[in-house]
Amino acid sequence: MITEEWRQKLENRQYRIVGNHSAVSTCNWMKESLRCNQHCYKQQFYGIKSHRCLQMTPALICNHRCLHCWRDNSHFSTEWEGPVDSPEEIVEESIEKHRDLLSGFGGNDQVPEERLEESMNPDQVAISLTGEPTMYPKISELIQEFHRRDFTTFLVTNGTLPERLENLEEPPTNLYISLETATEKEYKEFNNPVREGLWDRLMESLDVVRDMNTRTVCRITAVEGYNMEDEEKFSELLERAEFDFVEVKGYMHVGDSMERLERDAMPRHEKVREFAERIADASNYSIKDENTTSRVVLLEREL
């Protein structure tokens with residue numbers, strides 16, 4: 001599923017290819033945490049350690065072509081092609097490639113040796129680097145393999161494969177559903193699904209999430225001029241799924257999304273908070289926390 005041209009582009013952007021269809025990279029927050037400067041908002045909200053987080057995907061493939069995606073999604077296949085690597089191979093090589101990416105921090109005066117050593121032994125995985133991870137046929141076994149190695153797991157999905165979520169043998173520590181639009185019409189315009197019927201499958205996933213015994217999170221990427229006036233419709237979907245938390249996060253004008261959206265589409269934090277407040281007023285959620293640097297507001301469901 002990976003052409004040589006795309007492999008070269010990914011590696012130039014500090015990705016490392018794992019096996020036939022997976023990849024690893026390190027995010028800026030992980031590097032900032034290594035230097036003891038700042039940490040990711042997920043550490044603030046959920047208690048993970050940013051410098052011990054492994055960021056990866058088991059599927060360089062996607063069935064969306066979202067306008068706000070900061071990846072070069074023009075290369076993505078839309079159907080699974082080729083071999084299926086085993087979860088054991090993916091986890092082992094992901095950790096190895098993660099360590100390779102961090103090797104350059106050795107001897108850096110800004111990075112404490114103890115913290116670097118901890119980062120070389122990650123205990124949290126964000127299965128969300130790029131692509132749609134649930135398109136990997138063995139996503140359930142992958143989560144189990146990470147758990148077997150005492151990882152906490154954050155799975156981020158666009159919700160278009162409800163059967164994969166329903167058939168998870170073990171749920172991830174955090175299950176995220178990305179929800180950028182509140183109606184099917186807007187979904188088709190903004191998320192650009194590659195085939196018909198994916199909105200209905202996303203709605204099925206909301207019903208699956210409602211009954212899952214794990215921490216569930218809805219991520220709404222707030223994009224100025226596109227989706228920040230739909231609090232009533234968003235609230236209906238949130239109530240349908242009964243998410244534990246909702247992250248209202250401002251779109252960032254970075255990467256390949258700059259070719260699709262104008263800089264004005266990136267809202268200020270004040271605008272993100274106002275949108276989050278309107279969602280809270282229209283639903284059974286209240287503001288629990290926020291991070292101004294990442295322009296994100298956390299809502300918690302009121303029991």
In this structure, CZ of Arg260 is separated from CG of Asn192 (nearest 0.5 Å) by 9.0 Å
Fill in: Within 6.0 angstrom of Lys49 NZ, more than 12 heavy atoms from elsewhere
no
Check whether His253 reaches the backbone of Leu261 with its side chain - one donor and one acceptor, N or O, closer than 3.5 Å.
yes
- [ ] Decide ring-ring contact (aromatic ring centres under 6.0 Å, His included) for Tyr187 and His64; before the verdict, give the C-alpha distance in whole Å, the side-chain angles of both, and the deciding distance to 0.1 Å.
- [x] CA-CA 10 Å; Tyr187 170 77; His64 280 175; 5.3 Å; yes
| said: With salt bridge (charged side-chain N to carboxylate O under 4.0 Å, His left out) as the criterion, how do Asp230 and Arg278 come out once you've worked through the C-alpha distance, each side chain's angles and the decisive distance to 0.1 Å? | reply: CA-CA 9 Å; Asp230 295 334; Arg278 295 200 305 273; over 6 Å; no
> So do the side chains of Arg301 and Leu238 get within less than 4.5 Å of each other, counting heavy atoms only?
Replying inline: no
Going by heavy atoms in the side chains, are Arg263 and Met258 under 4.5 Å from each other? no
Tell me if a side-chain donor or acceptor on Asp123 pairs with a main-chain N or O of Phe151 at a distance below 3.5 Å.
no
Is it true that a side-chain atom of Arg295 and a backbone atom of Pro267 form a donor plus acceptor pair closer than 3.5 Å? yes
Value for CG (Asp100) from CE (Met120), rounded to nearest 0.5 Å, stands at 8.5 Å
When you compare the side chains of Ser178 and Asn158, does any donor N or O come within less than 3.5 Å of an acceptor on the partner?
no
Give a yes-or-no answer on whether the side chains of Asp289 and Gln44 include a donor-acceptor pair shorter than 3.5 Å.
yes
When the ring planes of Phe245 and Tyr46 are compared, do they come out parallel, tilted or perpendicular, using 30° and 60° as the limits? perpendicular
Can Thr153 and His147 be counted as having a side-chain donor-acceptor contact under 3.5 angstrom?
-> yes
In terms of heavy-atom contacts, Leu142 and Ile127 come closest through CD2-CD1, 4.5 Å
For the residue pair Arg164 and Thr157, establish whether any side-chain heavy-atom pair is separated by less than 4.5 Å. no
For the residue pair Arg65 and Thr78, establish whether any side-chain heavy-atom pair is separated by less than 4.5 Å.
yes
**OP:** Return the orientation label for the His68 and Tyr251 ring planes: parallel under 30°, perpendicular over 60°, tilted otherwise.
**Re:** perpendicular
message = Taking atom CZ as the centre, does Arg195 end up with more than 12 heavy-atom neighbours from other residues, nucleotides or ligands that are less than 6.0 angstrom away?
response = yes
| query | Regarding Thr221 and Glu180, is there a side-chain donor-to-acceptor distance under 3.5 Å anywhere? | reply | yes
The reported gap from CG in Leu198 to CD in Glu204 (rounded to nearest 0.5 angstrom) is 10.5 Å
Sidechain-backbone polar pair: Asn191 side chain, Pro193 backbone, donor-acceptor under 3.5 Å
no
Exercise for the section: Go through the steps for Glu274 and Arg268 under the test salt bridge (charged side-chain N to carboxylate O under 4.0 Å, His left out), then give the verdict. Expected result: CA-CA 10 Å; Glu274 289 172 7; Arg268 301 189 312 275; over 6 Å; no
Worksheet entry | Close side-chain approach of Ile17 and Val24, heavy atoms under 4.5 Å | no
Please check: side-chain N/O of Ser22 versus main-chain N/O of Gly19, any donor-acceptor pairing under 3.5 Å? no
Is it true that atom CD of Glu170 has more than 12 heavy atoms of other residues, nucleotides or ligands lying nearer than 6.0 Å?
yes
- prompt: Is a side-chain N or O of Ser33 found less than 3.5 angstrom from the main chain of Met30, in a donor-acceptor match?
  reply: no
Are Val297 and Glu277 side-chain neighbours, meaning at least one heavy-atom pair lies under 4.5 Å?
-> no
Checklist line | Ser50 side chain vs Gln43 backbone, donor-acceptor pair below 3.5 Å | finding: no
Point to revise | Ionic contact status for Glu290 with Lys249, cut-off 4.0 Å | key: no
When rounded to the nearest 0.5 Å, the distance separating CD1 of Ile279 from OG of Ser235 is 6.0 Å
Tested for side-chain contact (heavy atoms from CB on, under 4.5 Å) against Phe243, the lone hit among Val217, Leu175, Leu206 is Leu206
> Hey, is Arg210 close enough to Asp207 for a salt bridge, meaning N to O under 4.0 Å?
Replying inline: yes
Separation between CD1 (Ile48) and SG (Cys40), nearest 0.5 Å, reads 5.5 Å
Checklist entry - Do Leu179 and Tyr176 share a hydrophobic cluster (ILVMFWY, side-chain heavy atoms under 4.5 Å, transitive)? => result no
*Say whether, by atom type as modelled, one donor and one acceptor occur between the side chain of Thr57 and the main chain of Leu60 under 3.5 angstrom.*
no
Output for pair (Ile95 CD1, Phe146 CZ), nearest 0.5 Å, gives 6.5 Å
Could you check whether Glu132 and Thr134, counting side-chain N and O atoms only, form a donor-acceptor pair closer than 3.5 Å?
yes
task = Tell me yes or no: between the side chains of Gln55 and Ser25, is some donor less than 3.5 Å from an acceptor?
result = no
Any carboxylate oxygen within less than 4.0 angstrom of a Lys/Arg side-chain nitrogen, looking at Glu5 and Lys9?
no
(request) Give a yes or no answer on whether the side chain of Thr216 reaches the backbone of Asp244 with a donor-acceptor pair at less than 3.5 Å. (result) yes
message: Checking side-chain polar atoms at under 3.5 Å, does His21 have a donor or acceptor matched by the opposite partner on Glu81?
response: no
For the residue pair Tyr41 / Glu247, report whether a side-chain donor-acceptor contact shorter than 3.5 Å exists. yes
- Apply the test side-chain contact (heavy atoms from CB on, under 4.5 Å) to residues Val209 and Ile177: give CA-CA distance (whole Å), side-chain angles for both, the deciding distance (0.1 Å), then the verdict. CA-CA 9 Å; Val209 164; Ile177 298 283; 3.8 Å; yes
Is the shortest side-chain heavy-atom distance between Thr130 and Tyr15 below 4.5 Å?
yes
- Query: Do other residues, nucleotides or ligands put more than 12 heavy atoms under 6.0 Å from the NZ atom of Lys31?
  - Reply: yes
Do you see a donor-acceptor pair shorter than 3.5 Å between the side chains of Asn121 and Arg99?
yes
Treating Ser257 as the side-chain partner and Trp70 as the backbone partner, does any N or O pair qualify as donor plus acceptor under 3.5 Å? no
Does Glu196, at its CD atom, have more than 12 non-hydrogen atoms belonging to other residues, nucleotides or ligands within less than 6.0 Å?
no
*Does the side chain of Asn12 pick up a donor-acceptor pair with the side chain of Gln8 at under 3.5 Å?*
yes
Do we see a donor-acceptor contact under 3.5 Å between the side chains of Ser86 and Glu89?
yes
Heavy-atom count around Glu302 CD within 6.0 Å, excluding the residue itself: above 12?
yes
| task | Check the pair Arg148 / Glu145 against salt bridge (charged side-chain N to carboxylate O under 4.0 Å, His left out), numbers first and verdict last. | result | CA-CA 5 Å; Arg148 189 180 70 80; Glu145 180 62 21; 2.7 Å; yes
_salt bridge (charged side-chain N to carboxylate O under 4.0 Å, His left out) between Arg273 and Glu270, intermediate numbers included_ = CA-CA 5 Å; Arg273 182 176 175 95; Glu270 293 78 10; over 6 Å; no
Are His51 and Phe105 near enough that their ring centres are under 6.0 Å apart?
no
*For Thr181 and Asn227, what are the C-alpha separation, side-chain angles and deciding distance, and is it a side-chain hydrogen bond (donor to acceptor under 3.5 Å, both in side chains)?*
CA-CA 6 Å; Thr181 56; Asn227 66 353; over 6 Å; no
